[in-house]
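Inspection log for the structure reproduced underneath, given as structure tokens.
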Protein chains: 2
Amino acid sequence: MPYPQITIKDIAKALNVSVSTVSRALNNSPDLSEGTKRQISEYARLHNYKPNLVALSMKKQESNVIGVIVPQMIHHFFSSVLEGIMDVAEKEGFSVMLFRSLDNFEKERRSVQQLISSHVCGVLTSMAKETTHYEHFQELVDNHIPVIFFDRICVDIPSNRVVIDDYAGALAATEYLIKTGCKRIAFFCSPLNLEISKNRRGGYLDALSKHGMSVDKELIRICDNYDEAIPVATEMLQSDNRPDAFFAVNDETALGILHATKQLHFKIPEEVSICGFTDGFAAIASDPQLTTVGQSGLDVGRSAMELLVEKIRYKGDTPLLKNKIIKTKLIVRETTR
Amino acid sequence: MPYPQITIKDIAKALNVSVSTVSRALNNSPDLSEGTKRQISEYARLHNYKPNLVALSMKKQESNVIGVIVPQMIHHFFSSVLEGIMDVAEKEGFSVMLFRSLDNFEKERRSVQQLISSHVCGVLTSMAKETTHYEHFQELVDNHIPVIFFDRICVDIPSNRVVIDDYAGALAATEYLIKTGCKRIAFFCSPLNLEISKNRRGGYLDALSKHGMSVDKELIRICDNYDEAIPVATEMLQSDNRPDAFFAVNDETALGILHATKQLHFKIPEEVSICGFTDGFAAIASDPQLTTVGQSGLDVGRSAMELLVEKIRYKGDTPLLKNKIIKTKLIVRETTR
DNA sequence: ATGAAAGCGCTAACAA
DNA sequence: TTGTTAGCGCTTTCAT
């Protein structure tokens, strides 16, 4: 039918009943004669009536739209999280409004404003790297919009959280490197204002001390992408006291290190071991295949959305803070002994 | 301020003026005394007033929300497209409502329904693999909601399109393989109900015939992912009349082929050449690095969104069909001679 | 069993 | 320059 959407008003007029009758029929209200009810539903179906969600949201003062803010789209982990969020959102009947911060504070702030303006019923987000103050998130809380942080959480905002067990993942990876005989283990990480960086570094440091190894500050570098990793790793590998293992906060960085190591013709893993964090497709595509700490973005996304749905549905009844920790799994492939 | 959003009504009451005055002040209407205007804006700013976009959308009968439906999130190309869409959406002041079909017809249909119900002002989409009839898309058109298809386009719906120059990309890649001496070039592609498959096959076939090479049906396989590619490629490589080159519709498939080829200890690229399509991160991470047809998802996303914005803004004035073809670029790395 | 009317937040035509 | 009012689509209370 080449016509714009019809409204309950159109149906009412056509069937010579009142709009309230139509509304009741469409909502399957009990006190209504079967006759009119059938007639109305029939007409609605025939003319392809769809409720106007904007009007509904206006009337009910609540929507079924949740907001999501991620740092970026081209990113294996965040894509996976998004996929997980969509899995649950779809099942539970929520729509997703998507924003992206590009790790920029101002963009993140504006996204939050937009979300408040759009009257979404909840927000899922992973903080931008730049963000160091949190008034915008606080505003969500003030407006009684439930927020769940995942991965890059914000500890200063009372909210629920879904995190990867970064500490345990880093600890396990570092211990594995130690147990396979590595003596000088370098660590490449993101800026330390992020909780995940702190936690992964914590795991790394504790593994060292647990095994009686000293910490060499020279071996800890702020470097978290492929392109930067190449020169940094190259320089380290050419030094007299070179590392014999690298542990990086993500796969891209690990693969940059791998590239540099191959270029310098070190034997992998005999002379140099490398371990990443994420387990994206590239970890399998690389040669040798990358040993890495697998983190399931899907599980993070699903858990976060499940927590949010619960918070939206049972408002107030649930305990204030209920967090979720997603386990990692060390996936040993070919870049470690 | 720990309070819910205030409305123009609240402001009106507080300042003892009418709501229309507040509305005018906030919309910077010319016929209003500077005094009241300043007073109102000041109060609004102070109390953190934000327009209710739901109410606005209701009133104006138009929203600034566009809908996007992609087959899946965990996918380098579609993530890139999404990133491109967000670039432009953000700049032009649109919000994005995201759906995902998982290549399933029913999910796609429901997403479209939801989008219509949500009264979005436009839709960007890439069809599900399963989809073979198009009433749901037609409904968008009937409702005067502009639709732009990208990549997996729908030729049966009057709409604008943004496509990768699949034919030229496949032609160039195949010709390159031929020119570097490959004699038996296999082709791995997606099901042929998709235009992109047809076009890429077209390029492949035309390159062969252009160079006087015959087509061997045995060399053309429906296979478009990593896991399936491994056994299929293995079987082909073990046959008496094995191919000496593979051209795949995406990088994952190419990398599956690469894996199989390495396992069988064929020399790459001397004995077997491999070329993919996409140029994701894995193409660089692999060893040898993958030769592939680079397609810029970012450009596709940006162009699609630009087209959509134009269609939304200058409704009716633009020529009915205005399509955009995004060029590919053959990126020669190490899996070809 | 059904209708009339108010109201969600906002804009705009009309009045004053 | 400012106020009053109707109305966008829908639900819901109160009448009938």
Side-chain angles (χ1 to χ4, degrees), chain A residues 3-41 43-44 47-65 113-114 116-121 143-144, chain B residues 3-41 43-44 47-65 113-114 116-121 143-144:
Chain A
Y3 297 111
Q5 285 305 303
I6 63 166
T7 68
I8 53 169
K9 216 165 154 183
D10 298 322
I11 302 182
K13 205 174 294 168
L15 265 41
N16 219 356
V17 292
S18 74
V19 288
S20 26
T21 301
V22 178
S23 173
R24 280 188 272 254
L26 265 19
N27 289 293
N28 211 2
S29 153
D31 39 33
L32 211 56
S33 89
E34 275 308 316
T36 30
K37 207 187 264 187
R38 244 215 344 278
Q39 194 194 15
I40 290 172
S41 336
Y43 187 94
H47 291 76
N48 207 0
Y49 168 80
K50 289 181 197 52
N52 181 331
L53 293 181
V54 178
L56 262 186
S57 167
M58 168 104 256
K59 175 71 199 175
K60 298 229 187 140
Q61 295 291 81
E62 66 176 54
S63 74
N64 64 152
V65 180
Q113 303 295 322
Q114 187 77 5
I116 295 175
S117 244
S118 301
H119 286 244
V120 295
C121 60
N143 282 292
H144 311 294
Chain B
Y3 296 113
Q5 286 303 304
I6 63 167
T7 70
I8 53 170
K9 216 164 154 183
D10 299 320
I11 302 183
K13 205 174 294 168
L15 266 40
N16 219 355
V17 292
S18 74
V19 287
S20 31
T21 301
V22 178
S23 173
R24 279 187 274 253
L26 264 19
N27 288 294
N28 212 359
S29 153
D31 39 32
L32 212 56
S33 89
E34 275 306 318
T36 29
K37 206 187 267 186
R38 244 213 346 275
Q39 195 194 14
I40 292 171
S41 335
Y43 187 95
H47 290 77
N48 207 0
Y49 168 81
K50 288 183 198 49
N52 181 330
L53 292 181
V54 178
L56 262 186
S57 167
M58 169 103 255
K59 173 70 200 177
K60 298 230 186 142
Q61 294 292 80
E62 66 177 53
S63 73
N64 63 153
V65 180
Q113 304 294 325
Q114 188 77 3
I116 295 175
S117 244
S118 301
H119 286 245
V120 295
C121 61
N143 281 293
H144 311 294

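This one's a predicted model, so the numbers in the text were calculated from it and none came from an experiment.
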Output all residues satisfying ring pair (Phe, Tyr, Trp, His ring centres under 6.0 Å) with A:Y43, sequence neighbours left out; order by chain, then residue number. A:H47
Can you check whether B:T36 has a side-chain N or O nearer than 4.0 Å to OP1 or OP2 of D:dT2? yes
Within residues 14-21 of chain B, which residues have any heavy atom lying less than 4.0 Å from an atom of DNA chain C? B:S20
Correct closest heavy-atom pair for B:I6 and B:Y49 would be O-CD1, 3.3 Å
Dump the intermediate steps for side-chain contact (heavy atoms from CB on, under 4.5 Å) on A:H119 and B:L53, then the final yes or no. CA-CA 8 Å; A:H119 286 244; B:L53 292 181; over 6 Å; no
Taking every heavy atom of A:S63 against every heavy atom of A:V120, the minimum-distance pair comes out as OG-CA, 3.7 Å
Distance-minimising heavy-atom pair for B:S29 and B:L32: O-CB, 4.0 Å
Please list, by residue number, the residues of residues 55-62 of chain A whose heavy atoms come closer than 4.0 Å to an atom of DNA chain D; answer none if no residue qualifies. A:A55, A:L56, A:M58, A:K59
Can you tell me the distance, in whole Å, between the NZ atom of A:K37 and the P atom of C:dT2? 10 Å
Starting from the C-alpha separation in whole Å, work towards a yes-or-no answer on side chain to side chain donor-acceptor pair (under 3.5 Å) for B:N52 and B:K50. CA-CA 6 Å; B:N52 181 330; B:K50 288 183 198 49; over 6 Å; no
Let me see the working for B:L15 and B:V22 under side-chain contact (heavy atoms from CB on, under 4.5 Å), right down to the final yes or no. CA-CA 9 Å; B:L15 266 40; B:V22 178; over 6 Å; no
Nucleotide D:dT2, atom P - distance to CD of B:Q39 in whole Å: 10 Å
Are the side chain of B:D10 and the backbone of B:T7 linked by a donor-acceptor contact shorter than 3.5 Å? yes
In whole angstrom, what separates A:I8's CD1 from D:dT12's P? 11 Å
In whole angstroms, the gap separating P of C:dA1 from CG of A:N27 amounts to 17 Å
Roughly, in whole Å, what's the span from CG in B:L53 to P in C:dT11? 10 Å
Verify whether one side chain among A:S20 and A:S23 offers a donor that lies under 3.5 Å from an acceptor in the other. no
Would you indicate whether the side-chain heavy atoms of B:I40 and B:R24 approach each other to under 4.5 Å? no
Once you apply a heavy-atom cut-off of 4.0 Å, does B:N52 come out as touching a base, just sugar-phosphate, or nothing? sugar-phosphate
Taking five pairs at each end of the helix from C:dA1-D:dT16 to C:dA16-D:dT1, what angle separates the two helix axes (nearest 10°)? 50°
Name the closest nucleotide to the B:Y49 side chain, picking from D:dT2, C:dA1, C:dC10. C:dC10
For B:T36 and B:S33, the nearest pair of non-hydrogen atoms, with its separation, is OG1-OG, 2.7 Å
Below 3.5 Å between N/O atoms, which protein atoms pair up with nucleotides 14-16 of chain C? Just atom names and distances, please.
none

Between D:dC8 (P) and B:H119 (NE2): distance, integer Å: 13 Å
Contacts of type side-chain hydrogen bond (donor to acceptor under 3.5 Å, both in side chains), residue A:K37, not counting sequence neighbours: A:N28
Hey, does B:S23 reach any base, or is it just sugar-phosphate, or nothing, if we go heavy atoms under 4.0 Å? base
